[in-house]
Amino acid sequence: MVKHLLSMQDLSPNEIEAILDDAAGLKEKLRRGEPHELLRGKTLGMIFEKPSLRTRVTFETGMTQLGGHAIYLAPADIQLGKRESVPDTARNLSRWVDAVMARLFKHDIIVELARHSSVPVINGLTDLHHPCQTLGDLLTIREHKGKLRGLKLAWVGDGNNVCNSLLLGCTLVGMNISAVCPHGYEPDANVMTQAKKNAEKSGAKLELLTNPKKAVAGADVIYTDVWVSMGQEKEAKRRMRAFEGYQVNAQLLKLAKPNVIVMHCLPAHRGQEITDEVIDGPRSVVLDQAENRMHAQKALLVSLLA
Ligand code: CP
Ligand code: NVA
């Protein structure tokens, strides 16, 4: 059976650990200037329905460093489901490329794409999940804290795609996670059910709160993301009001551990979910996260394709 990465739940804790180890190895090889063309001659097709800086550049650069190459397909090129049906697109791409990465609006569509694809499909963000972000984030946390198990991550803000993937990723590897979200903006209910099951197995603690001050107490990691995700622009006004009081700022940071690290998947809306002072401050690791997307995804691509 073809292996896809549509959600963090597609990986076992051991597989996550192996990807992080391989990512660290590939990062070191790159630093030393050692060639690591493990995917020579391989091609990744990349379908984008939404804009991207990090996802596009990290996958494209990563494939080049691995000796392969990536094709960028812009929203106007493919017009998934409009110019051509999702199954037909999957069947065609499977005849040419070795893997497909897709950034789509609806998660159901990437599930359909994968069902009809005979090559691995990687989720580069949907409305429900962003697993590649979580892989890069876990690598970043491990680098800064030397471990994952037993740490506490506080998610502050919208229970969105990035939050859903972290909930699954953290509970799979035994990290405690407190998600603090306003009423009506909680993480996906099915994701929460799955995360609870993961937590029972791994021993992680999982809680859903509404008071940011309570959630960040004793946190090793504070994580936030935009209040208005791509595709939610029409809800912007309502969301701005709902998320008042959920800003990650210097006062909130004081309530966490002194060595807390602050994370954001980027792009950030400075002055909304996070202040300039915090995102540019000494506790912020946002650029390490951005860099580590590439190393983690290279390891993922090798695990799926080599
Ligand atoms: N974090 C992230 O996925 O960034 P892009 O939207 O720029 O790809
Ligand atoms: N939650 C954000 C993440 C962007 C990388 C969005 O979906 O727009």
Side-chain angles (χ1 to χ4, degrees), residues 48-56 74-76 79-82 102-110 123-131 133-134 137 153-167 177-192 195 207-216 219 221-256 262-281 284 286 289-290:
F48 282 90
E49 284 187 341
K50 299 177 182 177
S52 166
L53 171 64
R54 280 147 292 271
T55 303
R56 178 184 176 180
Q79 299 175 46
L80 199 61
K82 289 189 203 95
R103 164 167 287 196
L104 307 181
F105 284 97
K106 292 202 177 91
H107 190 74
D108 289 353
I109 303 295
I110 203 168
N123 182 354
L125 181 146
T126 60
D127 55 357
L128 197 60
H129 292 289
H130 197 0
Q133 183 67 49
T134 296
D137 294 341
L153 183 148
W155 173 272
V156 182
D158 191 13
N160 63 15
N161 43 10
V162 176
C163 177
N164 288 334
S165 289
L166 276 170
L167 280 163
I177 177 163
S178 298
V180 55
C181 315
H183 286 304
Y185 297 92
E186 292 88 358
D188 179 79
N190 292 329
V191 167
M192 280 304 287
E207 54 180 7
L208 191 54
L209 303 167
T210 52
N211 180 349
K213 289 182 185 151
K214 211 173 151 199
V216 302
V221 181
I222 296 179
Y223 202 126
T224 190
D225 186 15
V226 290
W227 294 338
V228 182
S229 283
M230 292 180 277
Q232 298 172 334
E233 292 76 9
K234 282 193 192 134
E235 303 169 27
K237 264 197 187 149
R238 185 159 52 86
R239 286 178 160 268
M240 288 304 150
R241 278 196 298 272
F243 289 102
E244 259 175 44
Y246 284 77
Q247 186 185 65
V248 174
N249 53 33
Q251 285 106 291
L252 195 69
L253 237 62
K254 280 194 198 131
L255 305 174
V262 177
M263 303 183 78
H264 192 308
C265 57
L266 305 180
H269 290 166
R270 290 161 172 260
Q272 292 181 15
E273 75 276 3
I274 193 161
T275 58
D276 282 332
E277 187 187 4
V278 170
I279 199 168
D280 297 328
S284 169
V286 299
Q289 288 176 262

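Numbers here simply count residues along the sequence, with the first being 1. Side chains included, hydrogens not; waters and symmetry mates left out as well; all remaining heavy atoms used.
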*Parallel under 30°, tilted from 30 to 60°, perpendicular over 60°: which one fits the rings of Phe243 and Trp227?*
parallel
Just verifying a value: how many Å separate [X] [atom1] and [Y] [atom2], rounded to the nearest 0.5 Å?
X      : Y      : atom1 : atom2 : value
Arg239 : Glu244 : CZ    : CD    : 14.5 Å
Leu255 : Lys214 : CG    : NZ    : 13.5 Å
Ile177 : Glu207 : CD1   : CD    : 10.0 Å
Glu186 : Thr210 : CD    : OG1   : 9.0 Å
Asn249 : Ile279 : CG    : CD1   : 13.0 Å
Met230 : Lys50  : CE    : NZ    : 5.0 Å

_Enclosure of Gln79 CD (heavy-atom neighbours >12, cutoff 6.0 Å)_ = yes
*Residue Lys106 excluded, over 12 heavy atoms near NZ under 6.0 Å*: no
Which heavy atom in [X] sits nearest to a heavy atom in [Y], and how many Å separate them?
X      : Y      : value
Glu49  : Leu104 : OE1-CA, 3.4 Å
Asn211 : Lys213 : OD1-N, 3.0 Å
Val278 : Ser284 : O-CB, 3.4 Å
Val162 : Asp225 : CG2-OD2, 3.5 Å
Arg103 : Gly124 : NE-O, 3.0 Å
Ala195 : Leu167 : CB-O, 3.9 Å

*Apply side-chain contact (heavy atoms from CB on, under 4.5 Å) to His107 and Asn123, showing your working.*
CA-CA 9 Å; His107 190 74; Asn123 182 354; 3.7 Å; yes
Quick one: does [X]'s side chain get under 4.5 Å of [Y]'s, heavy atoms only?
X      : Y      : value
Asn161 : Asp127 : no
Tyr246 : Leu252 : no
Val221 : Met263 : yes
Asp188 : His129 : no
Asp137 : Leu153 : no

Do side-chain atoms of [X] reach the backbone of [Y] as a donor and acceptor pair under 3.5 angstrom?
X      : Y      : value
Ser178 : Ala154 : no
Glu233 : Gly231 : yes
Gln247 : Gln272 : yes

_Full working for side-chain contact (heavy atoms from CB on, under 4.5 Å) between Tyr223 and Cys163_ = CA-CA 9 Å; Tyr223 202 126; Cys163 177; over 6 Å; no
*Could you check Thr55 against Leu125 for side-chain contact (heavy atoms from CB on, under 4.5 Å), going step by step and ending with a plain yes or no?*
CA-CA 9 Å; Thr55 303; Leu125 181 146; 5.8 Å; no
*Any chance you could lay out the side-chain contact (heavy atoms from CB on, under 4.5 Å) test for Asp158 and Gln232, step after step, and finish with the verdict?*
CA-CA 12 Å; Asp158 191 13; Gln232 298 172 334; 4.1 Å; yes
